[in-house]
Amino acid sequence: LGFLFAEKCPVLPKTEFADVTAERYPLGTKLYYKCDSGYERRSGQYLGIRCKNIQQVASWVYKEFECIDKKILLSMAPTMELDFTQKPERKTESPAPQKRENLSEFDQKDFCGPPKTIPHASLSPDKQYYVGQVLHFKCQSGYDKRLPTSGTRRCEKVNDKIIWTPLDMQCTNDS
């Protein structure tokens, strides 16, 4: 009965000329990798990860996932096959431990740190966030003529309504 469902945030308002990052993600968050141009995921592999509570610690749950050069995929010689089976295993051992330590004990139960990087893949911009998510905005180069050039928005529940806090910055290329 005490299980908490992650409450979804409304659609994030578009912020022009800014890059958005997150340093931690609430339980329930799902993120998806996408292969870089020229690379493709191995067929049958799932590109999603999820932040779950595993033994009282918020942790990303990864499935085996790998982006392979399209040229190699097209000519999948048996010798190449052997080469690839070893690589993903070694990468899964340490999901960004250096970031983990500066999360407080409370945060470690309720928030996952940054997901691990996967060769030739990037995280696709997430469309769905959950209450507690904090996003960091930074003006792209050339649009950072006015201060402040960075800011944050938080998804929170106020009087039973889920909202994004206002962003205290605007990116413009005015001189």
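Computed from a predicted structure; not experimentally measured.
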task = Could you check Leu167 against Thr15 for side-chain contact (heavy atoms from CB on, under 4.5 Å), going step by step and ending with a plain yes or no?
result = CA-CA 9 Å; Leu167 185 60; Thr15 307; 3.6 Å; yes
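- Distance CG/Asp19 to SG/Cys139: 9.0 Å, rounded to 0.5 Å.
- Between Tyr25 and Trp60, the ring planes are perpendicular. Angles over 60° get that label, and only those under 30° would be called parallel.
- Of the options Gln45, Arg41, Glu40, His120, a side chain to side chain contact (heavy atoms under 4.5 Å, CB included) to Glu66 is made by Gln45 and by none of the others.
- Atom CD1 of Ile163 is separated from atom NZ of Lys157 by 12.5 Å, given to the nearest 0.5 angstrom.
- Note that CD of Gln128 is 7.0 Å distant from SG of Cys9, once rounded to the nearest 0.5 Å.
- Counting heavy atoms from C-beta on, the side chains of Pro26 and Val131 never come closer than 4.5 Å.
- Residues passing the side chain to side chain contact (heavy atoms under 4.5 Å, CB included) test with His136 are Thr21, Glu23, Val134, Thr152, sequence neighbours excluded.
- By the criterion of side-chain heavy atoms lying less than 4.5 angstrom apart, applied directly or through intervening Ile, Leu, Val, Met, Phe, Trp or Tyr residues, Ile118 is grouped together with Leu47 in one hydrophobic cluster.
- Neither Ile162 nor Tyr129 shares a network with the other; the hydrophobic side chains, linked directly or stepwise wherever heavy atoms of I, L, V, M, F, W or Y lie under 4.5 Å apart, form separate groups for each.
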key: Derivation of the side-chain contact (heavy atoms from CB on, under 4.5 Å) call for Tyr33 and Ile49   = CA-CA 8 Å; Tyr33 288 99; Ile49 59 173; 3.7 Å; yes
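- The two residues Asp69 and Lys71 come nearest to each other via the heavy atoms OD1-N, 3.0 Å.
- Both Val20 and Met169 are part of a single hydrophobic cluster, where members link through side-chain heavy atoms under 4.5 Å apart.
- With Tyr62 contributing its side chain and Lys116 its backbone, the two residues share a donor-acceptor pair below 3.5 Å.
- In this structure, CG in Leu147 is found 11.5 Å from NZ in Lys145, a value given to the nearest 0.5 Å.
- Note: Tyr32 and Tyr46 have perpendicular aromatic rings, judged against thresholds of 30 and 60 degrees for the angle between ring planes.
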Step-by-step side-chain contact (heavy atoms from CB on, under 4.5 Å) determination, Gln170 to Arg146 = CA-CA 8 Å; Gln170 187 181 1; Arg146 260 196 232 152; 4.0 Å; yes
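- Not one N or O on the side chain of Arg24 forms a donor-acceptor pair closer than 3.5 Å with the backbone of Cys112.
- Counting heavy atoms from C-beta outward, Gln140 and Cys171 have side chains that stay 4.5 Å or more apart.
- What you find for Cys35 and Phe65 is that their closest heavy atoms are SG-CZ, 3.9 Å.
- Nearest heavy atom pair, residue Ala58 against residue Lys109, reads CB-O, 3.8 Å.
- Looking only at side-chain heavy atoms (C-beta outward), Phe137 and Pro148 stay at 4.5 Å or farther from each other.
- The shortest distance between side-chain heavy atoms of Lys8 and Tyr130 falls below 4.5 Å.
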